[in-house]
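Have a look at the structure below, then the notes.
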There are 4 protein chains.
Amino acid sequence: MAENMFRTDLALEAREMMAQEVRSSVSGIEVNERKTGDVKVTRVRIETEAAARALGKKQGTYVTLEMQGGIGGDAQAERQLIDLLAREVQSMIPQEGTVLVVGLGNRSSTPDALGPRTVEGVFVTRHMREMMTDEALEGVRSVCSFAPGVLGVTGIETAEILRGVAEHVQPAVVIAVDALASSSSERVATTVQLSDTGIHPGSGVGNRRCGIDKETMGVPVIAIGVPTVIYASTIALDVLHGLENTGQVACRFARGERVTEERRRAILRDNMPERLSRLMVTPRDIDRLIVDMARIIARSITPALYPSGTGDGQAGTRQSYRV
Amino acid sequence: MAENMFRTDLALEAREMMAQEVRSSVSGIEVNERKTGDVKVTRVRIETEAAARALGKKQGTYVTLEMQGGIGGDAQAERQLIDLLAREVQSMIPQEGTVLVVGLGNRSSTPDALGPRTVEGVFVTRHMREMMTDEALEGVRSVCSFAPGVLGVTGIETAEILRGVAEHVQPAVVIAVDALASSSSERVATTVQLSDTGIHPGSGVGNRRCGIDKETMGVPVIAIGVPTVIYASTIALDVLHGLENTGQVACRFARGERVTEERRRAILRDNMPERLSRLMVTPRDIDRLIVDMARIIARSITPALYPSGTGDGQAGTRQSYRV
Amino acid sequence: MAENMFRTDLALEAREMMAQEVRSSVSGIEVNERKTGDVKVTRVRIETEAAARALGKKQGTYVTLEMQGGIGGDAQAERQLIDLLAREVQSMIPQEGTVLVVGLGNRSSTPDALGPRTVEGVFVTRHMREMMTDEALEGVRSVCSFAPGVLGVTGIETAEILRGVAEHVQPAVVIAVDALASSSSERVATTVQLSDTGIHPGSGVGNRRCGIDKETMGVPVIAIGVPTVIYASTIALDVLHGLENTGQVACRFARGERVTEERRRAILRDNMPERLSRLMVTPRDIDRLIVDMARIIARSITPALYPSGTGDGQAGTRQSYRV
Amino acid sequence: MAENMFRTDLALEAREMMAQEVRSSVSGIEVNERKTGDVKVTRVRIETEAAARALGKKQGTYVTLEMQGGIGGDAQAERQLIDLLAREVQSMIPQEGTVLVVGLGNRSSTPDALGPRTVEGVFVTRHMREMMTDEALEGVRSVCSFAPGVLGVTGIETAEILRGVAEHVQPAVVIAVDALASSSSERVATTVQLSDTGIHPGSGVGNRRCGIDKETMGVPVIAIGVPTVIYASTIALDVLHGLENTGQVACRFARGERVTEERRRAILRDNMPERLSRLMVTPRDIDRLIVDMARIIARSITPALYPSGTGDGQAGTRQSYRV
């Protein structure tokens, strides 16, 4: 984590972190914001290779849904988030063929358990289709799901396992759910990022070393992620800002000039004490937040797969007990 | 479950259930018993196709280790079971090549979670080998592990997932850990069965429909199972016996003659109320028994892989916290 | 459990088990049935001491709500059950004073965890009232909750702990939530029993030896229970019935006469093999059923405390993450 | 947490944080260090009221056991820690009378679950003593245990609950187990603090507002704590140090003079961004560390209660499955 402590898994944040002068000089990044009720939807399109390099993110579309008031508190706001998310998922996936939902992360580590717990709540149908009549089959899409575990527990690269499974399942699309890291404490467990780019090295709470994307999987990979941890460096930066705002303290180079934001990030990155990388910063109520977010994502995926809405009731059935 | 309620996953029990006259007429079943401390080790060899058919078990070797006093109570007895089990595992697996440990069953259903929880405790090395020196590599076998989930949650046949993973991992042997059903309440969570035949349809607490064996996986499959549930019909039979032993009651055919044990089983099988199949019979302390047995099996597997004993300390490391 | 294996924690079942001739001879039992949507509500009033003895239940009112289609499947039916239950709770409790919700049972044993898990989902206010304005206080009742654990884990009688806590909290009423045993597999996790009689020796999944009622606690005790286990003897009886229905088999006294239902129960009770008492019979999906039922009961209690409906939103807040 | 972010629950750390000049001016603090194998044992005695005020800790004895290599890795080192801890506990408690072990904290929040999980592993006897012969009673001390929950979930002050229970149980001593906060990432989940002073306001991961000590409980309270979280401010300080060590950056007052360590703490304390108080910093493997530490403490308490060693085997029995 040391080397990428200023990475963020959110394209939105990557862009916010860009220095103003850099931002205006890079073309090929299109940003749209929209507000629906309590949910702010930001769509970032990275359209050129140069823009991708500048942001440290693959070319593609990143949709961020931010719940202004946090989750867990308001059933109506939760319903709204589910509806918006379902619509976004539906617009990104092909309308035919098997959907394979994969839950990345470690079931035994609370903030990393989002993926596996979401998988437990997704309503699967692939195994029931052979028993159905043609008529019944029309309204039911083939859905399957799977939690590959993490390298440290299995000894097998996640991408290897997923390729093996995909070769047998032959999905039309993979939806990969993962816990992310954010550089903003406000976004933890309140924000969902959806993208059509797959998941890449160094992303996530733990490291998944090989990419899980169209190149490695052979089919489109839609990534759904929720920040569940914050980088330790975020706290350090927040504290530095807090200190400077007091006017009493200033962080300066030895030579005396003021440290710019970018230089500050670079210095922090290069000098972060090693032992901080063993630590993890989460909200105090992370245990319940993971349960809530896993339920929300599972409930968002299911209607997305059944445009006619038939899946919704079934989703309720399963999600109510699995997550 | 209705159709196989008199099946038992233990070869030992299948043999015990054979009518005496049948037993003596079937050749090709070799049974050896041995007692080491508090552990009774029974080795059943099914040597002919006729014997396999008679027992409803594949040809091969089934080793049953029974802890006389149950587990969880006695650290010394537990250590003894681990040692004996490790030796048996070691004698069944090839001495070279990657070992893939798979934990079958549903992590979210207590009595079916034995496999997934064991996997969490196995010490894996496959991913670390590329960073090791040749010297270090000599003492460390390539081990990886994996929990495929269950059909009802994933929508994918367990065997399909495992084949996909094995094609990438190319193991020399698969060790499959699963929760079993027993027809004896005394054997639940006190007995471990080890066999070189793999795992077959209808076995386990849930149903895994396709076999996981040398035929489907392409390499030898060693099965390690522990009974965690009892068939409802076992209770019915126990009660019938109890009643008859009182001398006050007799279960008779309408015509009056006494019902033989085999006929009794057949009648029960054919007339079991449907709703009983929704039920599950477990020991009262099943939650802790699963934790204990998963730890014991994980601890048994690790030294089996490191004949020199080097793995043992590492096993302690991992198992102490994973299971 | 051996001695009370034909006890049932449901007054409804106790009455069903009474022999027809006995039933008609005992006065003082009033039964009303009503159906609201998918929920059948049965109200049993035990009005005399003789009736209480005949049923093995304390004098008082027992309201049973049965979900015809089971729970977990239908959000609308769940909402209906919550509404009906909330209304019943509200009609039983005093309209003023602190409410103490206690969750009986063992958090670490799946079918016995209903009470502790419900407590985690109840919205408590008692500690916040000192910070509120008089105006705010009007709409908010003082609610607190508590899980005392079980004798086998704490070494302290549950009633002792509760008395100690009640002496400090001085509640106007105690609502005690507990897992029950049923003699019918259909009622497990589909039925809620509410009574104004408290909870008594031998009830529940484990044994709580001292009564928790108005006598011991000094204030009214409302009991809310859900059957989560079935008696092993239920299976035996079901099997005997199944066998007899085939016409092939009959269970007879040695002398030949037919065994009446009551006699049958008595014989089973007196001759149940000891080892069966170590076993527990639950639905296969007990892990999720407990989560579902704990959520439903927590959601039922909260609006019951806030007749104006103000509590409902808050309930949603808390229950969504605690249970 | 804002106001006490530089508090530490460890007396050892409180002393380390004192400015050198202050330290030498305050008398009444006695410190002894000893090393046994891999465990460093530090004994801090706060002997005067002035010393207590200077350290922000009550008068009394604080024994800190630090595992140099961390826990979870080495069975032998774990055994050593258990032995040392058991001896310390034994020397602090009265040799007669009932022992009440209480596990403080929130079972549903991973880093705060240490107390409740320890309680699940303690071997209790109080409820069995009435069934024992006089002879058997001699070797068995009356032990009971209890997890009161947290104010936010119960609505009842922890101290109120404990007083209520203690009035009924009449213990000779209370052993209170709690998760602590540390200002050093190295001490998290590697260090155990034992003290004879009880537990005080603002201690622990959550806040328990009323003291649990001899004054409130009426009997001696031995506190056993393990740091499971780190203050966010610790990270900020670590980062500032890291930056300064580079020589490139210096944090200065606006006027230019260098900031002393104490001033730095004060400035950080006064200017910590509010939102950081919603965060929690833990080791990445906190889920397993809690399981490990709960097991270690439960195993330490039991032999402490049975000086003759009779309790040890029993401890093994229970702890092996409860924690």
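Shown here are the side chain to side chain contact (heavy atoms under 4.5 Å, CB included) partners of Q68(D), two or more places apart in sequence or in another chain: K35(D), K40(D), E66(D).
Only one option out of I286(A), I230(A), V188(A), V229(A) pairs with L279(D) in a side chain to side chain contact (heavy atoms under 4.5 Å, CB included); it is I230(A).
Among residues at least two apart or in separate chains, salt bridge (Lys or Arg N to Asp or Glu O under 4.0 Å) pairs with a member in residues 102-111 of chain A are R107(A)-E120(A).
With values rounded to the nearest 0.5 angstrom, R288(D) atom CZ is found 12.0 Å from S108(A) atom OG.
Contact record, M280(D) with P283(A): CE-O, 3.7 Å, taken as the closest heavy-atom pair.
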